[in-house]
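Okay, structure first, notes after.
Quick note on labels: first sequence line is chain A, next is B, and so on, each numbered from 1.
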Amino acid sequence: MRTSQYLLSTLKETPASAEVISHQLMLRAGLVRNLASGLYTWLPTGLRVLKKVENIVREEMQRAGANEILMPMVQPSDLWEESGRWDDYGPELLRLHDRHQRPFVLGPTHEEVITKLVANELSSYKQLPLSLFQIQTKFRDEIRPRFGVMRGREFLMKDAYSFHLAHECLEKTYQSMFDAYCRIFDRLGLDYRPVLADTGSIGGDASHEFHVLADSGEDDIAFSDASDFAANIEKAEAIAPAGERAQPKHELAKVAAPNVKTIDELASYLNVDINTTVKTLLVCGVENEQGDTPVVALILRGDHQLNEIKAEHLPQVASPLTFATDEQIRATANCNAGSIGPVGLNCEIIVDRSAAHLSDFICGANEDDVHFTGANWQRDSSKFSVADIRNVVEGDPSPCGQGNIVIKRGIEVGHIFQLGTKYAQAMNCAVLNEGGKNQTLTMGCYGIGVSRIVAAAIEQNHDKYGIKWPKAIAPFQAAIVPMNMAKSARVKETAELLYKQLNEAGIEVLFDDRKERPGVMFADHELMGTPLLLIIGERNLDAQQIELKNRITGEKSLIAIDQVMSLFN
RNA sequence: CGGUGAUUAGCGCAGCUUGGUAGCGCACUUGGUUUGGGUCCAAGGGGUCGCAAGUUCGAAUCUUGCAUCACCGACCA
């Protein structure tokens, strides 16, 4: 490709709307352009990268035995009613009508369509297991699209689905998908980690997310500093503190704490360590037979944070997690939100393991502006249950039993999931088994955010000059950068010759044939992250040499012109 | 969805307080100059000042409404 025929579209200045480095560089290097919130046009350079990622994903999916298909982006709503997600999915699902006022959705994912397809196509256990995948545009009407293509509303996703008669078979495919994902991210040249993930409301036995490590990531990942353990913080178990709870030493006593609203204010007002306090959160419980929603109290040590996912999983707590209103708080605890405590509280009480290990703690007294000191479980409050409902924090013992927790940020680029029979059951997806009986299929699903990978790769591979693409996904393998080609026939001749040879050899090369000063060319190619620059100048032509510059290492070297092709073998 | 801020040329911004029909840098065009790291000089082209209504002789500027975009938050005990 010659730059004279190419839409280069590089920018010197960073558009003000771009917050994270990958978004800034994607705009400056001419990879994408914004159309509306969360919607992006892929320019030639960006599309080249996107296609390379796509192809690596495709190759490894095929190697794992999956068949590529392509499903429609527009899906009839009755499929979603059949699966139950028409009501469950919420406003992220974009709903629309055709000219006959028939309702449709823009597909945010394709479990419904594929389950329907397989239900129609398969009739015998002999056809199993079967894995299908597609690489396709998804639409999710995100609350807050941000960070460019990292969290767009329309994005490119690889979604794969596997179908099985038995759970053991699903586990086998799940493992082979896990391995395929590792091969994909290895080939992409990314620093990534598979981490244990929450299985969500769908249930199932296992789920892993694949995270690219980067400070700009939106997820917290908990690692062990002494083993391979890694889990999304939503999932990481906070284990109970070791040893017995200490015996009470103090009597329960009231202390006034006027105008103290938060736990931090309380700790500094009473001049105590925050981890000797507990905080009490009132949330909505599950609706009872009378149609009322009771209030449930969740109790945490003052320095800990509620893990909403864990809380939602409790059978007593309504999902999605909803905090009690001021009226409900007043009716339950007879005080404002800042003074609730477990002593004498008349509702279901669930105490985090760490909070349950405290003795002589400080808590609200269920009376405005009053707290208790010297509170103790059993003695002062005995009707409660204990559960893991907090986020792990740095330094916690790892749930794997080895080492302590370290927390890093990650960008979720892949998620694999043992679905079980949820969709197959809802959509009547079954085959005849060996015994000639109808048997509902068990499913797995496996997603990769193809467009998000492009942004994640930049987050991990850049410097002050621009992008430093991993070789496997660079838009071009090399660029020919001639010095003053307009003035030097020799330079032009050499550049054209190399361009011809490289093209014929199938090397993706960008020939910078603009009449620009060298500095402009260098700046553009470094911004775009071309891994190898072939710099042709009068300076080295007498010796029949050109200069090489490696974008990743910054190394410069000379090479004989007739040796250039050997670089690409 | 709540909060905050923004919207003036392709991009980055000034002008608004104190109304008088728009300006700077980059980019673009032309000519010259320069040529191994974003040269320099000159001359140009390009804007319904987000949209709508109002106040006024007159609105980018004041008022009201709307739209769009971005950021923060969605943990309050």
For this session: Would you classify Arg33(A) as touching base, sugar-phosphate or nothing, given that sugar-phosphate means primed atoms plus P, OP1 and OP2, and contacts are heavy atoms under 4.0 Å?
Result: nothing
For this session: Ignoring backbone atoms, test whether Ser339(A) places a side-chain nitrogen or oxygen under 4.0 Å from the OP1 or OP2 oxygen of A77(B).
Result: no
Seminar exercise, completed: Whole-Å distance, Gln328(A) CD to A77(B) P, equals 18 Å
Problem set entry | Protein proximity profile, nucleotides 27-32 of chain B - base contact B, sugar-phosphate-only contact S, no contact -, cut-off 4.0 Å on heavy atoms | S-----
For this session: Ignoring hydrogens and angles, answer whether the base of G36(B) and the side-chain atoms of Lys549(A) contain a donor-acceptor pair closer than 3.5 Å.
Result: no
Exercise. Do Arg390(A) and Asp396(A) sit within salt-bridge range, that is, some charged N less than 4.0 Å from a carboxylate O?
Worked result: yes
For this session: Rounded to the nearest angstrom, tell me the gap between atom CG in Leu306(A) and atom P in A74(B).
Result: 12 Å
Problem set entry | N-O pairing of Arg353(A) and Glu237(A) below 4.0 Å | yes
Exercise. Looking across every strand, which nucleic acid part, if any, lies under 4.0 Å from Glu538(A) by heavy atom: base, sugar-phosphate, or nothing?
Worked result: nothing
Problem set entry | Phe361(A) CZ - A77(B) C1' separation (whole Å) | 15 Å
For this session: Among the candidates C69(B), A74(B), G37(B), find the nucleotide nearest to the side-chain atoms of Ile143(A).
Result: A74(B)
Exercise. Please give, in whole Å, the distance from G36(B) P to Met485(A) CE?
Worked result: 15 Å
Exercise. Salt bridge (Lys or Arg N to Asp or Glu O under 4.0 Å) between Arg409(A) and Asp215(A): does it pass, once the steps are laid out?
Worked result: CA-CA 5 Å; Arg409(A) 305 287 284 177; Asp215(A) 291 339; over 6 Å; no
Exercise. Crowded around Glu538(A) CD? As in, over 12 foreign heavy atoms under 6.0 Å?
Worked result: yes
Exercise. Can you check the Met150(A) CE to C71(B) P distance for me, whole Å?
Worked result: 12 Å
For this session: Taking only the side-chain nitrogens and oxygens of Arg146(A), find out if one of them lies under 4.0 Å from OP1 or OP2 of C69(B).
Result: no
Seminar exercise, completed: Leu533(A) CG to G36(B) P, in whole Å, measures 16 Å
For this session: May I ask you to verify if any side-chain N or O of Arg517(A) is less than 4.0 angstrom from the OP1 or OP2 atom of G36(B)?
Result: no
Exercise. Looking at G25(B), does its base get a donor-acceptor pair with the side chain of Glu13(A) below 3.5 Å?
Worked result: yes
Exercise. For Arg539(A) and G36(B), is the shortest distance between a side-chain N/O and OP1 or OP2 below 4.0 Å?
Worked result: no
Exercise. What about Asp524(A): does its side chain form a donor-acceptor pair under 3.5 Å with the base of G37(B)?
Worked result: no
Seminar exercise, completed: Ile329(A) has its side chain closest, among G36(B), A77(B), C13(B), to A77(B)
Exercise. Would you say Thr277(A) and Arg301(A) make side-chain contact, with heavy atoms under 4.5 Å?
Worked result: no
Seminar exercise, completed: The single option from Glu526(A), His525(A), Glu555(A) that satisfies side-chain hydrogen bond (donor to acceptor under 3.5 Å, both in side chains) with Lys549(A) is Glu526(A)
For this session: Please state how far atom NZ in Lys487(A) lies from atom P in G36(B), giving the value in whole angstrom units.
Result: 10 Å
Problem set entry | Atom pair distance, as rounded to whole Å: CZ in Arg144(A) and C1' in U68(B) | 16 Å
